[in-house]
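Okay, so here's the structure we're looking at.
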Amino acid sequence: INAEYMGTNMGGESTLYIRNLPPDYREEELADLFRSSEGYISCRVRPVAAHQEFAIGFVEFTSHDTARYALKDLQGERVSGRSIEIQFANSSKKRTRDSTPPPEDRISRFSFPFMNASPDAVRGPYALAYAQYLATHPPTKDSLEKATLYMEGIPADATERETTHILRPFSGFITLRLVLRESTKNQGSQFCICFAEFETQYQAAFCKNVLQGYPFSGPDDPGLNVEFSKNETRRSEEDSRRRRRRSD
């Protein structure tokens, strides 16, 4: 997805990173703090690691501008005797996006209900970007099969609820599962991977490009690495071949 289709609604560019929250700070409290800000959508609080003396949070807004206004308004706000620190979630790095040109094998947008969605029908900060992408990147027939994304870069202590919070705004998202694995590089440590299922490859591709490099744990996070699950892609191709054989 080329950045020109994303406007100002690009992942961390409309997400604020909140630092220095009390260790026992709850998601409901963070929501109460930001709910009155224009463009507020939702928030999440990361679990506190053993070596941390504070919690961190993420607050999503409808656009970069509304997030910027909230940042200016609440920067340094006192919470349980602490001054919170606010910045944009991806302010310390740039993310790479797929600039693949639109496919030539296009199909009518009126043939599939998900293509007729207005921006209001798509939840969260990606509504406008998704509507623009639909208008400029009609899907091919092959992109309408179910698909699963493989995601790396998720903290080992991440919860299913927290990860769902990030994926839920994307049209076509169905479900996810988290898998803990032992690190081969750092003995005794674990890392988490996620498999996220989507209704179509087209919708999964949009999510993949938006979340590529998304800072799950803050600005210093190397970011998510998102790819199509190879096993799922192979399974979808086999299913397609079986359907074609039956139709023949």
Side-chain angles (χ1 to χ4, degrees), residues 1-6 9-17 42 44 46-47 49 56-58 60 87-101 124-126 129-130 133 137 143 145-237:
I1 297 176
N2 193 296
E4 69 180 281
Y5 302 108
M6 303 306 299
N9 297 312
M10 297 188 292
E13 291 181 16
S14 59
T15 301
L16 295 181
Y17 168 67
S42 60
R44 63 186 173 97
R46 284 248 65 228
I56 60 174
F58 296 82
E60 296 176 11
Q87 65 185 87
F88 280 95
N90 67 346
S91 60
S92 66
K93 62 189 180 63
K94 296 181 179 180
R95 291 189 289 159
T96 302
R97 295 185 180 276
D98 183 2
S99 58
T100 304
Y126 312 113
Y130 187 64
Y133 189 64
H137 290 62
S143 69
E145 302 287 343
K146 276 191 175 182
T148 299
L149 293 180
Y150 170 85
M151 304 171 67
E152 294 179 330
I154 298 172
D157 61 352
T159 64
E160 191 169 296
R161 182 176 184 271
E162 182 183 16
T163 311
T164 299
H165 175 95
I166 295 172
L167 289 163
R168 188 183 295 118
F170 290 94
S171 176
F173 170 66
I174 300 173
T175 188
L176 65 81
R177 63 186 177 94
L178 298 179
V179 180
L180 270 179
R181 292 187 175 171
E182 298 294 329
S183 174
T184 56
K185 295 181 179 179
N186 302 311
Q187 192 172 7
S189 64
Q190 294 180 313
F191 66 96
C192 186
I193 59 174
C194 173
F195 295 93
E197 185 179 350
F198 283 80
E199 292 175 0
T200 68
Q201 292 178 21
Y202 182 84
Q203 292 163 317
F206 178 80
C207 176
K208 171 182 176 294
N209 283 277
V210 172
L211 290 185
Q212 195 70 262
Y214 178 85
F216 198 105
S217 297
D220 296 327
D221 191 317
L224 295 179
N225 177 39
V226 188
E227 304 294 340
F228 279 99
S229 172
K230 294 179 180 179
N231 290 339
E232 180 62 26
T233 301
R234 191 179 303 116
R235 189 179 303 114
S236 296
E237 291 173 350

**Message:** Less than 4.5 Å apart, side chain to side chain, heavy atoms only: is that true for I174 and E199?
**Reply:** yes

**Item:** Minimal non-hydrogen separation, P215 against A89, with atom names
**Value:** CG-O, 3.2 Å

**Item:** Residue pair L167 / L149, side-chain heavy-atom distance below 4.5 Å
**Value:** no

**Message:** Please report the interatomic distance NE2(H165) to OG1(T159), rounded to the nearest 0.5 Å.
**Reply:** 10.5 Å

**Request:** Ignoring hydrogens and angles, tell me if any N or O in the side chain of Q212 forms a donor-acceptor pair with the backbone of V226 under 3.5 Å.
**Result:** yes

**Message:** Please give me the minimum heavy-atom distance between P219 and Q87, naming the atom from each residue.
**Reply:** CG-NE2, 3.1 Å

**Prompt:** Do the side chains of F88 and Y17 get nearer than 4.5 Å, heavy atoms only?
**Reply:** no

**Request:** Please determine, by modelled atom types, if Q203 and T200 share a side-chain donor-acceptor pair under 3.5 angstrom.
**Result:** yes

**Asked** Should C194 and R177 count as side-chain neighbours, where that means a heavy-atom distance under 4.5 Å?
**Response** no

**Prompt:** What pairs with F191 under side chain to side chain contact (heavy atoms under 4.5 Å, CB included), at least two apart in sequence or on another chain?
**Reply:** R181, S183, I193

**Prompt:** Can a cation-pi geometry be assigned to R44 and F216, taking NZ or CZ under 6.0 Å from the six-membered ring centre and within 45° of the ring axis?
**Reply:** yes

**Validation row: F195, L178 side chains within 4.5 angstrom (heavy atoms)** = no

**Prompt:** Is any side-chain heavy atom of F228 less than 4.5 Å from a side-chain heavy atom of Y150?
**Reply:** no

**Prompt:** Where do P155 and C192 come nearest, in terms of heavy atoms and distance?
**Reply:** O-CB, 3.5 Å

**Request:** Taking atom types as modelled, find out whether Q201 and S143 have a side-chain donor-acceptor pair closer than 3.5 angstrom.
**Result:** no

**Prompt:** Which pair of non-hydrogen atoms, one from M151 and one from A196, has the smallest distance, and what is that distance?
**Reply:** SD-CB, 4.4 Å

**Message:** How long is the straight-line distance from OG1 of T163 back to CG of L224, given to the nearest 0.5 Å?
**Reply:** 9.0 Å

**Asked** I166 and F58: side chain to side chain contact (heavy atoms under 4.5 Å, CB included), yes or no, with the steps?
**Response** CA-CA 10 Å; I166 295 172; F58 296 82; over 6 Å; no

**Item:** Note, E60 side chain near L16 side chain (heavy atom, < 4.5 Å)
**Value:** no

